[in-house]
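Reading through the structure tokens given below for one structure.
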Amino acid sequence: METVRVTIDGQEVEVPSGSTILEAARIAGVDIPTLCYHPDLDVKAMCRVCVVEVVGARTLQAACTQPVSEGMIVKTSSPLAREARRMNVELILSNHPQDCLNCIRNQKCELQTLAEKLGIREQRFERRSRTKNNLDISSPSLVRDMEKCILCRRCVAVCQQVQGVSALGPINRGIDTIVAPVGGCELNSVACTLCGQCVHVCPVGAIYEKDDTQKVWSALADPTKHVVVQTAPAIRVAIGEEMGLEPGALVTGKLVAVLRRLGFDKVFDTDFSADLTIMEEGHELIHRLQNGGTLPMITSCSPGWIKFIEHFYPELLDHLSTCKSPQQMFGALAKTYYAQKAGIDPKDIFVVSIMPCTAKKFECGREEMTDSGYPDVDVVLTTRELGRMLREAGINFATLPEEEFDAPLGISTGAGVIFGATGGVMEAALRTVYEVVTGKELPSVDFTEVRGLEGIKEATIDLDGQKVKVAVAHGLANAKKILELIKEGKADYQFIEVMSCPGGCIGGGGQPIPTNKEVIKKRLAAIYDADKGMKLRKSHENPAVKALYEEFLGKPLGEKSHHLLHTHYVKRGKYKI
Amino acid sequence: MAFYRAHVLVCGGTPCELGGCRAVKDTLLEEVNRLGLSSEIRVLETGCLGPCDQGPVIIVYPEGIMYARLQPGDVKEIVEQHLLKGRVVNRLVYHEKKEEAKSVVTFESSDYFGLQERIVLRNCGRINPESIEEYIAHDGYRALGKCLTEMEPAAVVQVVKDSGLRGRGGAGFPTGLKWSFTAKTDSNQKYIVCNADEGEPGTFKDRLILEGDPHSIIEGMAIAGYAVGANKGYIYIRGEYKLSIERLQHAIRQARELGLLGTNIFGSDFAFDIEVRSGAGAYVCGEETALIESIEGSRGEPRYKPPFPGVSGIWGKPTVVNNVETLANIAPIILNGAAWFRGFGTEKCPGTKVFTMTGDINNEGLIEVPMGITLRQIVYGVGGGIPGGLGFKMAQTGGTSGGCLPKEFLDLPMDYDTLAEAGSALGSGALLIMDDSHCIVDIVRCFMKFFKHESCGKCTPCREGTTRLYELVTKITEGKATNEDIALLTELSRVMQTSALCGLGQAAPNPLVTCLKYFEEEFGAHLNGYCPTGVCTMPVANVKVG
Ligand SMILES: Cc1cc2nc3c(=O)[nH]c(=O)nc-3n(C[C@H](O)[C@H](O)[C@H](O)COP(=O)(O)O)c2cc1C
Ligand code: SF4
Ligand code: SF4
Ligand code: SF4
């Protein structure tokens, strides 16, 4: 590796050539403060907080972007650099509500942390407000509060570069600049997938999930309601983090325990319906393969992804599996199969989902999602909202014992758990499809080619002579690449898994803050640990799923399944919901 | 070619056109026809002749007599008296607005033109800008031919380097050096961009060059293309410049027809073509990286540099961005050589500079003078002094973002380096003269309003800072400011100058900073509740007498 020698605050260091001043300074042990910079994004040099003095340069340089060169002498805290850094933060603060106590990001806010780090104690400019009509609550998932926006444009970058959606952009100029959905419309009137990735990158409290905790508190307090909860695969590797444990802590048993403490009547697991999804989707794939159905077939469990294809590629909707997502399959069964079994009137059953995802709030409100005769799922809470409830209830997460999910909708396999990670649905499907088609037992259940954080992954499986080529994409910009291939007739895959969020659900828009590549890697490892720790690791071996077919559904793709577990899609087009 | 006894040039620049030169030209043609003079007298429309506040203007050759402020009704007299009988119509002759006795002025001998040196404006007002033949007859496209048939690209770059030509778009970056970066960068595609955005208030030199001599820009761009290995050019031009756009498009068509654009130019294997793109009109779009964003179809906002456009510009390809005036210098440099060019101007800034003089000055308009001429020579020589017997208060050089220089600087040579030392800039050559009836704080307030409006909003110090500068300066004009406000203004200015992303935010505080320095007393008076010129209304309780 080529290196250059630079002097940072009097200390000479050797750093890889091409490093930015920021990276070089870290090697020299100096953490230059930043604000708009984000390690996973290409956002550059806009906030002017990381400016440093480079000897010989006409102006200060943005450390996050300026590459080092041989012999460069950098002063990160020279009087000019300090003055500019402090005043730029002061300028931002004086155009910011500074409403920390009421703010959703209090104590998790990068602006607050920065101001504290720099010890900013006064603003000498008159306070002003960036915008009057600041609150956009039009969507079922996200709230945008543009008065708090500091115009770092990370949300614009993630939406365009990572998600390929470009729903957001700057409008107006100068002091009137704001970041807004295309054309200055409300979020709900543009082609936004509600994936919530913008929440993760937003340094402040300007974008956040719509809080539905009050609905859950009310249901729990209502003696006429039988309140059941399902937890998505990705929650068990994230809620610990939300409660102050290390990222990647696997806390399945504690999660069950805290939900019981909160007062849920039954604590179930979306992993159960994930296994069920594999049964339905796996058979759908086999059916399409054997009967000349539309191929490649694409998974349908990620609601942001569904909204994306409905907006941008409505002509390709036939490629989607007709399976509902595991959350919605669960809801439909909770108010039919489970209601029957437990002898409870479905109108009294209240289904709460704990999801890593903001788009799930939208999904549960889709009009197709009432096949039980009621809204299949009543309320979706994100991981962060559950954390909020637990903190308010004062539940001591760390000292609780581990508990087991309730039967029957809490019984699952390792195949259900890995739904939480990119490649997981594919791997779970392959475990089942292989054994169903070939009638043989898999030598190893680990399909490692489809694991990991590569944007697009491919694999080929031999089903007794029939070669099946599969692809996995996460992050909608990657999905877009595959859809373009399909459009051009160049996609030679039979089966494709798409998850909206980078890393899959573990990186979902409802997960703890911060969620970034570093953290995602740790959650990913935890998911596969959870899979390994399961006695059963193939969906078709799930005894509760088997019983469900015997007692209620009949067979995969049968009449009842068709009615309760499958759905259809809407051609939305780009600029209308 | 028919032989004409006389040529009448009618100024067709935009200001004159607004003043009614079309009607003047039409009447002229009518009158010439009526008197049967059409085979002897040729009426031509040309680009701007300079003294724009005097339009419509015509010049009668061979005498070079200039008539100004013409109405269609005046034309009959000129045709009957001057063109038919050879008697100059004194009543209508152009007079410099000096207090002295009125005298007949010929185009070349007036002070207005006498101090001037025309390289860039060599053809403006002399040829019909819509005729490629006339451009060619005045040595047009000879330089391109010379490059393509006699010179290696590297030699072309070298001549431009040796000439010492510096970019006329504002920063004064050496043009040859800029070209050499792009020439050195390997790429299958490179671009030449002519920056004709000209968003600076009070500046219209580029427009008049384009209107008066569009082929000089096409030729300059083609030479640049050959020198650096680019075969595609864009002219990024303000949308409002309708006439320039028309003339450019016409000129490009003509050049294509004659094979001076396209493939195998001059029988060589060099190919070059040009596309005209009109801009959205924001000031910041003149900044080269914002301009590139705009050409690519994005919001016109500056990019972080490096990479510089010369290495990575349009669509990430190496791109030379040059100002109109810079490009207009190229052909003469190639034809006459670097040494010839160095014969004008100063050692570090050879050549001439086109200035647009506006404000309290007798001869408002366009001038081309050698670099290094003093402010006094411009104001009191070419400019004809300040009207109404008022005193000189300050000159702002370099446009709205330039510094304001008081009379102590009248003998300052006008070039990039001395002006930068004085806290100002040569910039694009806008020159705003103010007489002593103006309040300096109020003037600064207007400048700050401009930047508040023009900030693109991308980076913090400029987006927030321009508004804060305006608020605080307004506070001074209202007599409500304190010493702390001045300290805050000073600090904020420094932070913007050192940390804004692009030149707009970096330069926005310049007029304020120079005025705080050079007009300290006047600011002080405002802090004490008193506006010396009486322009600002102060709270009554604070008014101090005299
Ligand atoms: C805010 C701003 C506005 C500018 N506007 C113009 C302009 O209108 N025309 C121009 O030629 N250069 C303008 N420039 C300078 C260009 O960025 C660039 O330096 C120039 O076009 C290079 O050409 P030159 O080397 O021939 O001077 C502007 C710069 C800034 C920062
Ligand atoms: S966004 Fe941050 S700084 Fe702003 S009010 Fe919220 S917590 Fe405070
Ligand atoms: S909403 Fe958040 S992420 Fe988007 S620009 Fe504003 S502060 Fe940045
Ligand atoms: S300095 Fe001003 S114009 Fe330039 S990038 Fe920053 S906000 Fe935009």
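A, B, ... follow the sequence lines: proteins, then strands. Residue 1 opens every chain.
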May I ask you to check whether over 12 heavy atoms, not counting those of [X], lie within 6.0 Å of atom [atom1]?
X: B/K317; atom1: NZ; answer: yes
X: A/K75; atom1: NZ; answer: no
X: A/R82; atom1: CZ; answer: no
X: B/K449; atom1: NZ; answer: no
X: B/K348; atom1: NZ; answer: no

Are [X] and [Y] packed together at the side-chain level, in the sense that at least one heavy-atom pair is separated by less than 4.5 angstrom?
X: A/R173; Y: B/E454; result: yes
X: B/C459; Y: A/C47; result: no
X: A/L151; Y: B/T460; result: no
X: B/Y304; Y: A/Q66; result: yes
X: A/R128; Y: B/E471; result: yes

Leading residue by heavy atom contact count with chain A [cutoff under 4.5 Å; candidates B/K452, B/R303, B/R494, B/K305]
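Heavy-atom pairs under 4.5 Å are most numerous for B/R494.
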
Heavy-atom proximity to chain B below 4.5 Å, by part of [X]:
X: A/T59; answer: both
X: A/I171; answer: backbone
X: A/I150; answer: backbone
X: A/D176; answer: neither
X: A/R86; answer: neither
X: A/A62; answer: both

N-O pairing of B/E464 and A/R130 below 4.0 Å:
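Here B/E464 pairs with A/R130 in a salt bridge, since their nearest N and O are under 4.0 Å apart.
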
Under a 4.0 Å threshold between the charged nitrogen and the carboxylate oxygen, would A/R124 count as salt-bridged to B/E491?
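Looking at B/E491 and A/R124, the cut-off is met.
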
Go through the atoms of [X] and report whether side chain, backbone, both or neither lie under 4.5 Å from a heavy atom of chain A.
X: B/T466; value: neither
X: B/R463; value: both
X: B/L472; value: side chain

Looking only at non-hydrogen atoms, find the nearest pair between [X] and [Y] and report the distance.
X: B/S499; Y: A/N88; result: OG-ND2, 3.3 Å
X: A/M87; Y: B/L492; result: SD-CA, 3.4 Å
X: A/P170; Y: B/R299; result: O-NH1, 3.4 Å

Apply side chain to side chain contact (heavy atoms under 4.5 Å, CB included) to residues A/R153 and B/K458 and explain how you reach the verdict.
CA-CA 9 Å; A/R153 304 211 197 159; B/K458 185 166 176 174; 3.9 Å; yes

Judged by atom type as modelled, is there a donor-acceptor pair below 3.5 Å linking the side chain of B/R468 to the main-chain atoms of A/E126?
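Judged by distance alone, yes, a pair lies under 3.5 Å.
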
Looking at B/S455 and A/G174, would you say the former's side chain and the latter's main chain have a donor-acceptor pair under 3.5 Å?
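A pair under 3.5 Å: no.
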
Do you know which of [options] has the most heavy-atom pairs with chain B at a distance under 4.5 angstrom?
options: A/S94, A/A57, A/P67; answer: A/S94
options: A/V89, A/T177, A/L80; answer: A/T177
options: A/I92, A/V51, A/V49, A/L35; answer: A/I92

Would you compute the distance between atom CZ of A/F125 and atom OG1 of B/T467 and round it to the nearest 0.5 angstrom?
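Rounded to the nearest 0.5 Å, the CZ-OG1 separation comes to 11.0 Å.
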
Using the rule given for side chain to side chain contact (heavy atoms under 4.5 Å, CB included), can you reason through A/E53 versus B/T498, listing the C-alpha separation, both sets of side-chain angles and the distance that settles it, and then say yes or no?
CA-CA 9 Å; A/E53 199 170 325; B/T498 55; over 6 Å; no

